[in-house]
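These notes are about the structure you will find just below.
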Amino acid sequence: MQYQGVLKKMQTENQSPIQYYLDMGTDFINMNQLLDHDIQLQFVAYECLNCHLNKQIYRQGFCKSCFFEIPQAADWIMRPELSTAHLDKEDRDLAYEKSVQLQPHIVYLANSSNVKVGVTRKQQVPTRWIDQGAHEAIEFVEVPNRYLAGITEVALKEHISDKTNWRKMLTNDIKDVDLVAQKEELSAYIPSEVTSYYTKAGANEIHLEFPVLRYPEKVKSLNLVNTKSFRGTLKGIKGQYLIFEDDTVFNIRANEGLVVSLDIN
């Protein structure tokens with residue numbers, strides 16, 4: 001069976017295990033059903049997720065011109081402390097920025113390869129944790145806008161990582177951590193503007209189960225643009241990565257905007 005479409009990050013359902021779905025335009029594929037199947041991926045073209053032109057992807061699924069113009073790729077996306085909509089101050093598009101920034105946000109602790117701090121919109125819980133391959137997570141604070149979440153993350157980054165070691169995450173080189181205790185310990189570093197929101201966050205750890213039949217021993221990252229074609233047996237899905245039997249891994253999220261064909265045997 002063959003499908004073709006532009007890659008976008010896989011959609012998920014928080015079940016046990018997590019269910020993954022790949023939107024290929026006219027087809028919607030449950031990727032869990034492909035475990036232990038031989039599949040072939042082929043690079044066909046580029047398609048910017050904004051202008052939809054066949055232009056080389058620069059970052060986040062966008063061509064270079066769109067990346068530096070559209071509000072969906074502004075600096076505050078990756079650095080929430082740069083948010084200014086709460087001041088009624090425009091960066092690229094104030095209406096869009098208000099719609100995203102002026103809504104409840106969660107600062108969280110997640111354990112994928114190590115415990116890290118992060119920020120996400122409340123409506124993206126637990127999707128954000130699934131996308132990062134976290135096997136456990138806990139809400140730290142819930143705040144009313146992105147700026148307050150951003151300054152909290154900046155403060156906590158002085159004491160805990162904000163990065164995931166993706167290789168450790170994919171080899172399942174992990175250990176369980178008492179996130180409730182970590183949360184309590186780090187609460188001393190919350191900025192004064194945010195302390196009143198601390199008790200509103202959820203107090204319990206969330207545990208996530210990923211559909212993986214076999215973890216790789218030493219991961220090999222697939223660059224589909226360079227190789228053009230890859231065939232392998234799918235053995236697992238974790239975060240936004242496909243894991244193959246020969247230890248090759250393919251990051252769907254990092255390859256958004258690629259038009260690919262998918263053959264399933």
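Along the sequence shown, residues are numbered consecutively beginning with 1.
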Taking all atoms of both residues into account, what is the closest heavy-atom pair of [X] and [Y], and its distance?
| X | Y | answer |
| --- | --- | --- |
| Val44 | Ser261 | CG2-N, 3.8 Å |
| Lys238 | Ile243 | CB-CD1, 4.3 Å |
| Leu208 | Trp129 | CD1-CB, 3.9 Å |
| Asn145 | Leu148 | OD1-N, 2.8 Å |
| Gly5 | Met24 | N-CE, 3.4 Å |
| Cys66 | Cys48 | SG-SG, 3.8 Å |

Would you say [X] and [Y] make side-chain contact, with heavy atoms under 4.5 Å?
| X | Y | answer |
| --- | --- | --- |
| Leu262 | Leu41 | yes |
| Phe244 | Leu234 | yes |
| Asp178 | Glu205 | yes |
| Tyr215 | Thr171 | no |
| Lys122 | Gln103 | no |
| Trp166 | Val249 | yes |
| Asn172 | Val212 | no |

Is there a path from [X] to [Y] through hydrophobic residues (I, L, V, M, F, W, Y) whose side chains come within less than 4.5 Å of each other?
| X | Y | value |
| --- | --- | --- |
| Val107 | Tyr189 | yes |
| Leu7 | Ile29 | yes |
| Val100 | Val143 | no |
| Ile39 | Val219 | yes |
| Leu258 | Phe67 | no |

For Tyr147, all residues meeting ring-ring contact (aromatic ring centres under 6.0 Å, His included), sequence neighbours excluded:
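Applying ring-ring contact (aromatic ring centres under 6.0 Å, His included) to Tyr147 gives His86.
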Quick one, Glu209 with Ser16, criterion side chain to side chain donor-acceptor pair (under 3.5 Å). Give me CA distance, side-chain angles, the key distance, then yes/no. CA-CA 6 Å; Glu209 179 188 353; Ser16 188; 2.3 Å; yes
Students should find that the hydrophobic cluster of Leu87, defined by side-chain heavy atoms under 4.5 Å apart, otherwise consists of none
For this session: Take Tyr46 and Phe43 through the ring pair (Phe, Tyr, Trp, His ring centres under 6.0 Å) test and state the conclusion after the steps.
Result: CA-CA 9 Å; Tyr46 297 106; Phe43 171 68; 5.2 Å; yes
- Query: So, the side chain of Glu97 versus the backbone of Arg92: is there a donor-acceptor pair under 3.5 Å, distance only?
  - Reply: yes
Exercise for the section: Spell out, as yes or no, whether a donor-acceptor pair under 3.5 Å connects the side chain of Tyr20 to the backbone of Gly239. Expected result: yes
Exercise answer: donor-acceptor pairs, residues 68-78 side-chain atoms, under 3.5 Å, sequence neighbours excluded:
none

- prompt: Can you list every side chain to side chain donor-acceptor pair (under 3.5 Å) pair that touches residues 54-66, not counting sequence neighbours?
  reply: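 Applying side chain to side chain donor-acceptor pair (under 3.5 Å) to every pair that reaches into residues 54-66, excluding sequence neighbours, yields Lys55-Ser65.
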Which donor-acceptor pairs under 3.5 Å do the side chains of residues 153-160 make with protein atoms, sequence neighbours left out?
none

Taking side chain to side chain donor-acceptor pair (under 3.5 Å) as the test, write out the residues that go with [X], two or more places apart.
| X | result |
| --- | --- |
| Asp23 | none |
| Thr26 | none |
| Glu13 | Gln15, Tyr21 |
| Asp246 | Thr248 |

According to salt bridge (charged side-chain N to carboxylate O under 4.0 Å, His left out), who are the partners of [X], at least two apart in sequence or on a separate chain?
| X | value |
| --- | --- |
| Lys228 | none |
| Arg214 | Asp247 |
| Lys9 | Asp131 |

Check Tyr197, Tyr108, Tyr198 against Phe140 for a ring pair (Phe, Tyr, Trp, His ring centres under 6.0 Å) and give me the one that passes.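 Result: among Tyr197, Tyr108, Tyr198, Tyr198 is the only option passing the ring pair (Phe, Tyr, Trp, His ring centres under 6.0 Å) with Phe140.
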- Does the side chain of Gln101 pick up a donor-acceptor pair with the side chain of Arg146 at under 3.5 Å? no
* Asked: Passes side chain to side chain donor-acceptor pair (under 3.5 Å), Asn251 versus Gln240? Steps please.
  -> CA-CA 6 Å; Asn251 187 346; Gln240 283 286 322; over 6 Å; no
